[in-house]
Amino acid sequence: MDKQTKYKEFMKNTFQHIWTMETNTYIPDRSYHEFIEVQYRALQDIFDCESEPVTVVVSGSRGGGKTTFLRKAMLDWASRNLLQNRFQYVFYFSVFSLNNITELSLAELISSTLPESSETVDDILSDPKRILFILDGFDYLKFDLELRTNLCNDWRKKLPIQIVLSSLLQKIMLPECSLLLELGNASLSNIIPLLQYPREIIMSGFSEQTIEIYCVSFFNTQTGVEIFKNLKSIKPLFNLCRCPHLCWMICSTIKWQYERREVASRFGRTLGLLYTIFMVSAFKSTYARNPSKQNRARIRTLCTLAVEGMWKQVYVFDSDDLRRNGISESDKKVWLRMKFLQNQGSNIVFYHSTLQWYFAVLFYFLQYKDTRHPVIGNLAQLLGEIYAHKQNQWFHTRILLFGMATEQVNSLLEPCFGCISSKEVRQEIIRYIKSLSQQECNEKLVVHPQNLFFCILDNQEERFVRQLMDRFEEMTVDISDVDDMSATPYCLHRAPKVKNLHLHIQKRVFLEIHDPEYGDLELFKLDQKLLAKHWTTLCTFLCNLHVLDLDSCHFNEKAIEVLCNCLPLTSLVPLTGFKLHRLLCSFTTNFGDGLLFCTFLHLPHLKYMNLYGTNLSNDAVERLCSALKFSTCGVEELLLGKCDISSEACGIIAASLINSEVKHLSLVENPLKNKGVMSLCEMLKDPSCVLESLMLSYCCLTFIACGHLYEALLSNEHLSLLDLGSNFLEDTGVNLLCEALKDPNCTLKEL
């Protein structure tokens with residue numbers, strides 16, 4: 001047996017054990033292959049088609065099966081079923097296991113995975129094109145990886161671990177090798193900028209058919225079918241089952257309740273509630289008759305282990321860690337049976353990383369007043385840490401902290417564990433939010449809905465939510481998917497003081513045609529229904545605003561139609577009831593044919609409209625000009641820079657402004673040419689024109705335009721600012737303008 005074959009056999013045995021003992025799919029391998037068929041084929045196609053080095057990112061929500069997919073890929077390679085012709089060596093590392101290593105060389109890291117009598121690292125790395133590194137666990141790194149200049153190409157050199165990883169990711173070290181990375185939502189935005197032309201594979205979660213197979217495999221056949229039907233009848237719960245980890249939790253909870261002959265009177269529809277029902281159901285399976293004081297002492301040891309690990313960013317524990325936190329051997333066996341913990345080689349990990357976060361957060365509800373510990377911070381410090389920086393591992397903590405601070409969770413925990421400090425936790429959260437300035441609130445809490453909106457959605461206690469949202473007067477929100485869209489309107493409708501809203505909607509949100517890159521067809525159809533509902537709800541909030549900034553929003557025709565319909569222009573709602581006075585639609589795509597103008601330009605308080613960077617069709621320009629003639633239209637500033645307005649469209653605009661209220665007009669960066677300016681000059685000559693400033697930089701003008709402007713400047717009584725920057729006017733054109741400036745009838749003050 002040659003040395004490469006020995007390595008494959010070693011990895012096959014290692015990952016067969018991991019797959020059998022540490023990977024919990026609960027469905028037959030054949031069914032699992034059906035579940036990952038699209039992603040598996042995509043992985044094969046990417047590496048089969050590309051002979052050059054490739055970086056592939058496996059993304060998706062936490063608990064969505066990304067690590068399981070990579071373990072399966074590693075096992076199949078070692079079993080000679082995948083990528084045999086492409087890679088001689090594949091190395092698999094969970095990067096969070098490197099959290100407490102200060103310095104290391106890549107050669108040492110590779111050596112740590114090699115069996116005895118393997119090839120030397122020098123021989124292995126002599127052909128880097130035939131090497132693939134599989135890396136997972138970026139969400140749990142204790143340090144930030146970022147674009148660096150102090151990188152190194154020497155794989156033998158001992159370096160800080162973040163330099164080694166960054167050098168590998170940025171293709172400075174072993175640039176000819178390929179990478180297969182697992183990135184969760186928390187690490188995706190930080191790691192993607194480091195990568196060169198990454199290809200993405202998205203784990204989209206369980207389909208309806210897979211959930212049914214899962215239920216049948218988890219229970220016996222008949223019970224599984226009945227449970228599947230029951231779950232399907234509870235839509236919010238069934239949607240949670242699309243996440244494999246949550247599907248396992250829900251099925252485990254039902255199983256424990258069946259064993260105790262409990263009727264499942266309620267299910268968790270938020271994460272905080274779902275995790276609590278799961279934990280309490282598991283706990284009751286062994287300790288139902290124990291007094292709450294005894295239960296509290298027992299669960300607190302597990303919570304201390306979890307929270308200590310959270311603050312130290314440790315996710316793999318040895319027997320000393322367990323002993324130091326008061327977990328006896330008998331307790332460990334119980335936690336293993338309850339699926340709170342599981343073995344990983346000779347060490348212990350939480351059954352899923354999110355369970356560690358849950359028990360870490362539970363620590364603060366059990367021990368709110370007494371958190372004196374050399375490593376563990378108090379709740380105020382935890383809140384500061386959660387929102388202080390971009391570190392990935394705090395994302396799930398904040399959602400669970402909010403989601404567990406409810407009376408419903410309280411009522412589940414108290415019978416088992418005694419007094420729970422839910423009220424005190426809520427008060428501490430409110431204190432923290434109130435301590436932030438408006439700018440800090442916007443930057444730390446709102447721009448990405450996951451920071452606060454997801455947390456609020458997991459709480460939904462009306463009084464608490466309104467106390468939090470009452471803090472905001474202005475918001476900037478970036479909506480990147482249907483989850484963001486569902487959380488945003490819920491929170492905004494509970495924020496009565498918000499009058500300025502800056503909204504950014506990414507391209508994938510309003511996709512009309514299914515793109516396999518973003519998940520399967522079934523999920524796409526479900527998302528479309530949810531999207532329509534939540535976008536309509538969000539649009540009804542827009543009526544309350546003074547400033548609406550739709551910056552870089554990607555719409556479709558239906559979304560624009562819904563936005564227009566959000567203003568109920570009927571006799572029951574007077575126009576003066578709408579206070580919007582500034583509307584910005586910069587770099588908006590799929591803007592439509594101008595229907596928006598017919599709606600918004602009716603509003604009498606609207607004084608400012610900025611469409612910079614939004615391409616306007618001729619139909620849209622005509623509708624805009626018609627709307628400017630409305631008797632109720634009071635727009636005074638109209639900014640149409642970089643809107644791809646032609647000289648013909650400019651003529652239509654000029655005609656509409658003669659009897660309008662517009663005082664400031666910007667047409668910068670449009671190909672108006674001399675013909676377009678000629679139309680504007682005719683407008684300026686009209687005594688009804690009240691224009692005070694006209695911006696025409698970068699409009700492809702020559703000295704001929706200056707001849708028309710010369711005449712207009714002598715007859716116009718209002719224009720005080722004219723911008724002609726970056727046009728090819730030449731001396732001839734400027735001389736004409738100077739002649740106009742000498743005339744006492746010229747009112748221009750700035751040129």
Side-chain angles (χ1 to χ4, degrees), residues 61-63 96 99 137-144 184-190 243 245-246 249 268 270-276 278-279 299-300 302-315 317 340 349-368 371 373 375-406 409 413 420-422 424-426 428-433 436 444-446 448-459 464 468 483 487:
S61 59
R62 187 175 273 114
F96 65 76
N99 270 342
F138 285 95
D139 274 12
Y140 304 105
L141 279 178
K142 69 189 294 185
F143 45 79
D144 286 330
N185 290 338
S187 57
L188 192 66
S189 60
N190 294 337
C243 171
H245 169 62
L246 296 182
M249 283 185 67
T270 65
L271 288 179
L273 191 56
L274 178 63
Y275 276 78
T276 300
F278 162 79
M279 188 275 290
I299 200 72
R300 196 162 55 193
L302 190 61
C303 293
T304 308
L305 177 73
V307 76
E308 183 184 281
M310 181 184 76
W311 280 97
K312 292 166 70 175
Q313 282 111 49
V314 172
Y315 310 100
F317 305 95
F340 293 169
V349 295
F350 280 84
Y351 198 76
H352 190 271
S353 55
T354 51
L355 273 175
Q356 181 173 346
W357 301 129
Y358 175 79
F359 284 110
V361 171
L362 182 58
F363 171 88
Y364 290 95
F365 288 85
L366 295 173
Q367 254 179 267
Y368 172 74
T371 55
H373 190 282
V375 173
I376 301 168
N378 60 33
L379 184 55
Q381 291 168 318
L382 176 66
L383 285 162
E385 199 70 27
I386 283 173
Y387 289 111
H389 43 62
K390 295 179 181 176
Q391 272 193 303
N392 307 320
Q393 63 268 19
W394 302 108
F395 169 74
H396 219 75
T397 312
R398 57 178 172 249
I399 289 187
L400 287 168
L401 182 65
F402 280 69
M404 291 164 66
T406 68
V409 168
L413 291 173
I420 302 297
S421 306
S422 298
E424 289 82 358
V425 170
R426 287 196 297 271
E428 191 66 57
I429 292 171
I430 291 167
R431 264 196 297 274
Y432 173 76
I433 300 292
L436 300 175
K444 293 184 176 183
L445 306 179
V446 182
H448 301 291
Q450 302 98 313
N451 289 354
L452 180 65
F453 290 0
F454 281 17
C455 303
I456 284 174
L457 202 59
D458 213 61
N459 181 280
F464 173 63
L468 290 176
D483 292 334

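We're numbering straight along the sequence, starting at 1.
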In Å, rounded to the nearest 0.5 Å, how long is the span from OG1 of Thr397 to OH of Tyr364? 9.5 Å

Output for pair (Glu308 CD, Cys303 SG), nearest 0.5 Å, gives 13.0 Å

Specify whether Phe464 and Phe402 have parallel, tilted or perpendicular ring planes, treating 30° as the upper limit for parallel and 60° as the lower limit for perpendicular. tilted

Rounded to the nearest 0.5 Å, what separation is found between the CD1 atom of Ile376 and the CZ atom of Phe363? 4.0 Å

Student check: side-chain heavy atoms of Leu355 and Met279 closer than 4.5 Å: no

Decide yes or no for Phe350 and Leu305: does some side-chain heavy atom of the first lie under 4.5 Å from some side-chain heavy atom of the second? yes

Using only atom types and a distance under 3.5 Å, with no angle test, would you say the side chain of Asp458 pairs donor to acceptor with the backbone of Thr270? no

d(Leu452 CG, Leu468 CG) to nearest 0.5 Å is 6.5 Å

Is the closest side-chain heavy-atom distance between Ser353 and Tyr315 below 4.5 Å? no

Shortest non-hydrogen contact from Arg426 to Ala405? NH1-O, 3.1 Å

What is the distance from atom CE of Met404 to atom CG of Leu271, rounded to the nearest 0.5 Å? 11.5 Å

Val409 versus Thr276, closest heavy-atom pair with distance: CG1-OG1, 3.6 Å

If I compare all heavy atoms of Leu366 with all of Ile420, which pair ends up nearest, and what's the gap? CD2-CD1, 3.7 Å

Which pair of heavy atoms, one from Ala487 and one from Phe453, lies closest together, and at what distance? CB-CB, 3.9 Å

Among residues at least two apart in sequence or on other chains, which ones pass side chain to side chain contact (heavy atoms under 4.5 Å, CB included) with Ala360? Ala306, Val307, Met310

Given Tyr275, Phe359, Tyr358, the one that forms ring pair (Phe, Tyr, Trp, His ring centres under 6.0 Å) with Phe340: Phe359

Nearest 0.5 Å please: distance from the CG atom of Leu401 over to the CG atom of Leu362. 11.5 Å

I'd like to know if the side chain of Gln381 reaches the main chain of Asn378, judged simply by a donor and an acceptor atom lying under 3.5 Å from each other, with no hydrogens or angles considered. yes

Can you see which heavy atom on Asp483 is nearest to which on Phe454, and at what distance? O-CE1, 3.6 Å

Would you find a donor on one side and an acceptor on the other, under 3.5 Å apart, between the side chain of Asn459 and the backbone of Gly403? no

Please examine the side chains of Gln356 and Tyr351, heavy atoms only from C-beta on, and report whether any two atoms are closer than 4.5 Å. no

Could you tell me whether the side chain of Ser421 and the main chain of Glu424 form a donor-acceptor pair under 3.5 Å? no

